[in-house]
Amino acid sequence: MKDNALKIKIDVETSEGADAYIQYWTYTNTAQTDSVISYSLISREKNLHHFMLVDVNLNTKYNFNVVVQKKSLKRNSKTYDFSTTRKIPWVPYYRNTDSISNVKFDGYLHFHSRQIPGYLFITNGEGKLASYYKNEDNFKVSKWTNRETLLGILSNDTLHFTNGKKIIEYDKFGNTLLEIETGKDNIEHSFHHEVDLDENGNVMTLVYNERIMDLSAVGGTKTDTIKGDGILVLNHKKEVVWEWSVFDVMNPLDDKTILKSKKDWLHANSLFKDKQGDYYVSFRNISQIWKINGKTGKLIWKLGGTDGDFIMPEDAVFSGQHNIRINENNELVLLDNGNLRFKPGFKQASNRIKMLDINAGSQSRLLTISLDTIQMKAKAKDIVPFPKKYFTHSQGSAEYINDSLVVFCSTNTNRIVFTNKNGNVLGNMPLEYSTYRVQYLKALYDTSYVK
């Protein structure tokens with residue numbers, strides 16, 4: 001593929017109506033007795049098959065053959081080979097073998113490089129670069145979706161960490177599937193912090209909502225602008241499927257700090273939709289998570305903050321959180337950044353104290369919370385405390401890769417950190433530029449057709 005050394009194209013001709021796929025492997029020892037086998041996507045019921053291998057490593061020799069299936073017959077071609085290039089044009093990722101020598105897992109990691117030009121990366125369980133995508137703009141946020149595509153929020157600046165005026169979607173081969181831009185197709189809002197696909201393949205994202213209001217009753221003007229947040233859901237025709245605004249459920253005049261916070265009122269930073277169709281939104285400035293009815297837009301409950309609906313023990317209290325989601329056990333999982341600036345009830349000694357001074361000794365955590373929505377009680381089900389030197393006061397993510405391995409994106413230290421479930425460091429990946437988050441991928445695509 002042009003400008004991408006880690007995309008290998010192979011064209012195959014077979015008899016009419018056949019299924020075909022590529023199996024390719026590299027030997028792991030000089031005796032060539034052990035190998036690691038990979039597979040392409042399957043091409044069905046054709047005679048001309050066009051394959052793109054998207055999971056290869058640099059400076060590696062691969063053997064491959066074509067597997068052809070028609071009805072009950074299966075045949076393998078003779079064995080061919082290809083070698084990948086030793087070098088590629090500079091990309092802002094370098095694998096430090098020493099720093100991850102004790103880390104190895106099945107699957108992949110997705111993250112991005114927040115710089116101009118922007119890059120999306122996929123690395124394998126040994127930290128080797130498996131795939132990359134380049135854009136001349138800056139990726140502020142990115143996401144591997146449930147349809148095996150990559151979404152990103154783009155901007156042509158490097159100043160605003162997580163907002164942009166363009167959403168782009170790529171397939172796994174690097175082809176552009178969708179572009180959505182602020183100011184086009186009747187889309188007025190700019191996008192920030194989150195972009196993903198829902199169960200129907202619609203694009204869901206957080207947007208900024210601005211409202212001009214009379215704040216003279218609390219010491220403001222009659223025409224103050226308040227910057228709030230909203231949810232926007234669009235189909236691939238760029239038509240609005242559903243939208244919601246924080247102004248629908250909360251009056252800024254009820255917020256005693258509105259004059260100080262009006263330029264970035266609640267600061268939504270994470271969005272998740274559950275299997276029942278309801279939305280969860282994380283608000284950093286008030287250290288709170290809201291559950292929103294996905295049909296009516298009504299506020300179902302609030303967790304955390306100073307006016308949350310749940311009784312919470314101290315070990316479940318979070319502050320400045322990011323990366324929220326509901327796991328398979330119906331538990332809430334999040335990165336508790338531990339930023340004291342946003343901790344409920346925390347009083348700063350002076351407004352002049354810098355953020356890092358306030359957070360001297362602070363600690364970020366992977367936090368799993370079980371919610372009893374009958375008695376309205378929250379309980380910390382699992383806590384993974386990360387070393388204080390990797391504390392990230394903003395942004396970041398954390399999740400389990402498997403039962404004994406956790407990956408933590410320490411955005412503020414430009415590190416992807418691997419720990420055990422007790423938070424003990426096993427290794428780390430230093431990054432050239434920061435990434436908003438890191439995402440674990442079990443596989444790049446389904447290969448269950450291989451039997």
Side-chain angles (χ1 to χ4, degrees), residues 4 6-7 38 40-41 52-56 91-93 105-114 118-135 138-154 162 164 166-180 191 193-206 236 269-274 322-328 333-335 395-402 405-409 411 416 418 429 431 434-447:
N4 198 317
L6 293 181
K7 299 283 189 294
S38 301
S40 71
L41 284 167
M52 184 78 75
L53 306 185
V54 297
D55 182 12
V56 297
V91 298
Y93 173 73
F105 56 88
D106 294 329
Y108 306 83
L109 295 179
H110 164 59
F111 54 98
H112 62 272
S113 178
R114 201 157 46 186
Y119 287 86
L120 304 177
F121 295 122
I122 295 176
T123 58
N124 66 17
E126 296 180 357
K128 294 180 179 179
L129 189 60
S131 191
Y132 67 93
Y133 308 75
K134 179 183 177 181
N135 193 287
N138 178 11
F139 285 105
K140 301 304 185 77
V141 177
S142 64
K143 189 68 176 288
W144 178 265
T145 75
N146 55 29
R147 301 206 172 188
E148 300 172 353
T149 64
L150 280 164
L151 279 170
I153 295 177
L154 288 165
T162 51
K166 185 175 183 178
I167 290 174
I168 194 166
E169 183 180 18
Y170 297 104
D171 66 15
K172 63 179 66 67
F173 308 113
N175 301 307
T176 300
L177 302 177
L178 178 68
E179 291 181 293
I180 302 171
F191 320 108
H193 282 91
E194 189 66 85
V195 62
D196 202 352
L197 296 183
D198 67 12
E199 73 283 2
N200 298 313
N202 297 315
V203 176
M204 58 181 191
T205 183
L206 291 171
H236 276 61
N269 63 20
S270 187
L271 173 68
F272 181 85
K273 187 179 183 183
D274 67 17
H322 288 75
N323 191 218
I324 63 170
R325 65 269 190 204
I326 301 296
N327 67 13
E328 63 278 3
V333 186
L334 57 97
L335 172 66
Q395 307 162 85
S397 64
E399 63 178 300
Y400 275 95
I401 290 177
N402 53 48
L405 184 62
V406 174
V407 59
F408 165 44
C409 174
T411 299
I416 297 173
F418 300 95
M429 293 165 57
L431 302 178
S434 69
T435 182
Y436 180 65
R437 64 181 163 212
V438 172
Q439 186 181 2
Y440 171 64
L441 318 177
K442 290 184 178 179
L444 299 183
Y445 45 84
D446 180 29
T447 57

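We use all heavy atoms of the structure for the numbers below, so side chains are in, but hydrogens, waters and symmetry mates are not. FYI, the numbering just counts along the sequence from 1.
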Euclidean distance, [Y] [atom2] relative to [X] [atom1], rounded to 0.5 Å:
X	Y	atom1	atom2	value
M204	D198	CE	CG	6.0 Å
K140	Y436	NZ	OH	12.5 Å
K172	K7	NZ	NZ	11.0 Å
W144	D196	CH2	CG	12.5 Å
I180	I167	CD1	CD1	5.0 Å
H110	T435	NE2	OG1	7.0 Å

For [X] and [Y], which heavy atoms make the closest approach, and how far apart are they?
X	Y	value
K143	V195	CB-O, 3.3 Å
Y440	E399	N-OE2, 3.0 Å
H112	V141	CE1-CA, 3.8 Å
L154	N135	CD1-ND2, 3.7 Å
D171	Y133	O-CE2, 3.7 Å
R325	A398	NH2-O, 2.5 Å

- request: State whether the side chain of S270 and the backbone N or O of H322 hold a donor-acceptor pair below 3.5 Å, judged by distance alone.
  value: no
task: May I have the step-by-step check of side chain to side chain contact (heavy atoms under 4.5 Å, CB included) for T162 and R114, ending in yes or no?
output: CA-CA 9 Å; T162 51; R114 201 157 46 186; 4.0 Å; yes
statement: Exactly one of I324, N323, N327 clears side chain to side chain contact (heavy atoms under 4.5 Å, CB included) with V333, and that residue is N327
Any [X] side-chain heavy atom under 4.5 Å of [Y] side chain:
X	Y	answer
S131	L6	no
S113	Y93	no
V91	L129	yes
V407	F105	no

message: T176: which residues meet the side-chain contact (heavy atoms from CB on, under 4.5 Å) condition with it, sequence neighbours left out?
response: I168, Y170, E179
- prompt: Ring centres of F121 and Y132 under 6.0 Å apart?
  reply: no
message: Taking CG in D106 as the centre, count heavy atoms belonging to other residues, nucleotides or ligands within less than 6.0 Å. Is the count above 12?
response: no
field: Salt bridge present between R437 and E194 (N-O < 4.0 angstrom)
entry: yes
- request: For the pair F418 and L109, evaluate side chain to side chain contact (heavy atoms under 4.5 Å, CB included) and give the outcome as yes or no after the intermediate values.
  value: CA-CA 12 Å; F418 300 95; L109 295 179; 3.7 Å; yes
